[in-house]
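Structure, as structure tokens:
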Number of protein chains: 2
Amino acid sequence: MRSPSTAHDRLIRKLESIADLSPDDRRALQDLSFGTKLVLPNQSIVQEGEDPDQCCLLVKGPIHRYKLRPNGSRQILSFHLPGDILDLQNLYLTRSDHSIGIVVPNQVAFVPHETLKTLADDCPGIGVAFWRDTLIDAAILREWIVNVGARSAQPRIAHLICELFTRLKALWLSEEDGFTLQLTQAEIGEATGLSTVHVNRTLQDLRRSNLIASEGRFLRILNWAGLQREACFDPAYLHLKTLEAA
Amino acid sequence: MRSPSTAHDRLIRKLESIADLSPDDRRALQDLSFGTKLVLPNQSIVQEGEDPDQCCLLVKGPIHRYKLRPNGSRQILSFHLPGDILDLQNLYLTRSDHSIGIVVPNQVAFVPHETLKTLADDCPGIGVAFWRDTLIDAAILREWIVNVGARSAQPRIAHLICELFTRLKALWLSEEDGFTLQLTQAEIGEATGLSTVHVNRTLQDLRRSNLIASEGRFLRILNWAGLQREACFDPAYLHLKTLEAA
DNA sequence: TGCAAAAATTAACAAGCGTTAATGATGTTG
DNA sequence: CAACATCATTAACGCTTGTTAATTTTTGCA
């Protein structure tokens with residue numbers, strides 16, 4: 001499973017992971033013309049794509065959404081992976097209520113709003129895919145609430161790992177038995193609402209249980225069934241097409 | 001401030017709280033014809049409105065979305081108030097990943113999907129309002145994540161109160177200095193990820209601090225500025241029109 | 001009005017997790 | 001390759017919150 005190389009491939013792969021595309025839909029997406037731009041850590045995507053008539057499409061590298069609290073702490077709200085459309089919400093909401101964080105060099109593409117709207121109108125399959133994407137975003141947020149609100153440390157971190165692995169796999173961006181986790185333990189803490197120290201303790205527990213293994217940045221999953229059980233992970237909320245048969 | 005009496009009024013009030021409606025938009029909404037139905041606690045709205053071609057509109061009484069966990073505990077994900085469209089997501093996602101809870105007798109209306117789509121197409125203001133509603137739903141979920149993930153018990157419960165009061169007020173469904181809280185302490189715990197006992201302790205703290213007072217089901221807000229400060233509540237994420245001036 | 005059920009409250013105790021701070025490991029840059 | 005910064009790890013301690021269970025109060029209903 002090698003990762004797709006072009007921006008178009010990634011967008012198509014993303015949309016196909018959640019909806020059915022007809023050959024016409026795929027062709028229309030392939031014919032879409034846009035320029036890509038490299039964004040470095042600590043740069044702002046919004047500033048880069050300041051043209052308010054353009055949508056921003058994530059091509060390479062994960063980003064996360066977060067809120068900064070008055071006391072200085074951060075809460076990470078979600079992760080976004082290649083193929084995701086980043087600012088659909090800026091289309092209809094004026095003020096942004098959160099920030100976007102970039103940790104590794106990212107590649108983004110900019111597409112005019114009008115182009116996307118025309119695309120959605122002309123290709124019903126694409127329009128449905130956009131709607132599904134938005135609604136799945138919300139479904140992921142709901143599961144995130146369960147994670148930080150109801151699970152104890154070990155299943156909580158296990159669940160985060162399960163979600164990332166499953167989503168990456170659907171995009172063909174993971175290895176068979178693991179993936180490169182682009183997160184420090186401090187960031188895992190900000191995503192799960194746990195302190196850095198406790199994240200460390202908990203990861204060690206997961207390793208001692210032979211559920212996962214760390215090899216540098218690579219996170220190997222030693223016991224996928226066991227990890228899912230520990231996390232109470234049910235991928236249904238991701239509404240992935242590959243899971244619909246199951 | 002008395003609550004509006006008809007389903008049409010409530011829907012219009014809801015949409016006007018988040019978007020600008022033209023006189024034509026309002027007329028079109030007034031002319032919308034639909035039947036309403038009473039739903040009692042522990043009944044399922046989805047079963048009631050089993051026609052998959054119809055959308056369900058909440059007319060009276062709050063509902064909440066929740067997930068049931070394998071160990072039997074519940075996590076409440078969000079509250080919905082009169083005027084909200086409940087199953088936009090069933091329009092595009094086949095399987096529901098959560099349940100809807102009804103605690104007090106509700107009144108709901110059913111509108112065919114086609115009608116809503118036509119309405120959105122013919123009246124651009126209404127189409128924008130539907131999109132904004134969906135995106136604001138997600139924004140509320142994000143703030144909910146911050147609440148359960150990052151805030152300690154007292155600000156956490158204070159924040160829930162602030163959100164409900166602000167949203168009810170925007171719909172003209174609150175009193176000037178408080179509102180009827182249709183929640184038991186156990187439910188507040190399920191919404192905030194706290195145990196019932198600790199919810200009780202924390203509510204007493206808030207009362208001792210003279211921020212709120214309980215009078216039966218009525219929750220009186222004694223110090224609105226202080227409560228917001230305690231909760232670190234910034235209503236911007238609700239994207240309410242009434243707040244845009246501020 | 002009176003009874004039963006649900007909800008709120010209190011107490012005692014346990015434990016999971018946060019905090020602080022120091023040390024070791026890893027990676028990065030000139 | 002050395003110096004530095006970032007990140008992972010460990011330890012000690014305490015506090016917030018959970019758990020269990022009993023009691024009181026309120027609510028709802030006959």
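The chains referred to below are lettered A, B, ... by the order of the sequence lines, with proteins before strands, and numbering in each begins at 1.
Counting non-hydrogen atoms under 4.0 angstrom, A/Gly193 reaches the backbone sugars and phosphates but no base. B/Leu194 comes within contact range of the sugar-phosphate backbone alone, with a heavy-atom separation under 4.0 Å but no base atom that close. A/Thr196 comes within contact range of no nucleotide atom at all, as no heavy-atom separation falls under 4.0 Å.
Axis orientation changes by 60° from one end of the helix from C/dT1-D/dA30 to C/dG30-D/dC1 to the other, with each end axis drawn from 5 pairs and the value rounded to 10°.
A centroid separation of 6.0 Å or more is found between the aromatic rings of A/Trp144 and A/Tyr237.
Residue B/Arg201 has its side chain nearest to D/dT17 when only D/dT17, C/dC17, D/dA8 are considered.
Side-chain contact between A/Leu77 and A/Lys67 is present, with heavy atoms from C-beta onward closer than 4.5 Å.
Put simply, A/Asn200 has a side-chain N or O that comes within less than 4.0 Å of OP1 or OP2 on D/dT9. When the side-chain nitrogen and oxygen atoms of A/Arg151 are compared with OP1 and OP2 of C/dG16, none of them lie within a distance under 4.0 Å. Distances shown here put every side-chain N or O of B/Arg217 at or beyond 4.0 Å from the OP1 or OP2 atom of C/dA6.
Although no hydrogens or angles enter the test, the distance criterion places no donor-acceptor pair under 3.5 Å between the side chain of A/Ser73 and the main chain of A/Arg69.
Rounding to the nearest 0.5 angstrom, the gap separating the CZ atom in A/Arg220 from the CZ atom in A/Arg207 is 14.0 Å.
Nearest-nucleotide positions on DNA chain C place A/Thr202 closer to the 5' end than the other of A/Gly216 and A/Thr202.
Residues A/Glu143 and A/Arg151 are paired through a salt bridge, judged by an N-O separation under 4.0 Å between the basic side chain and the carboxylate.
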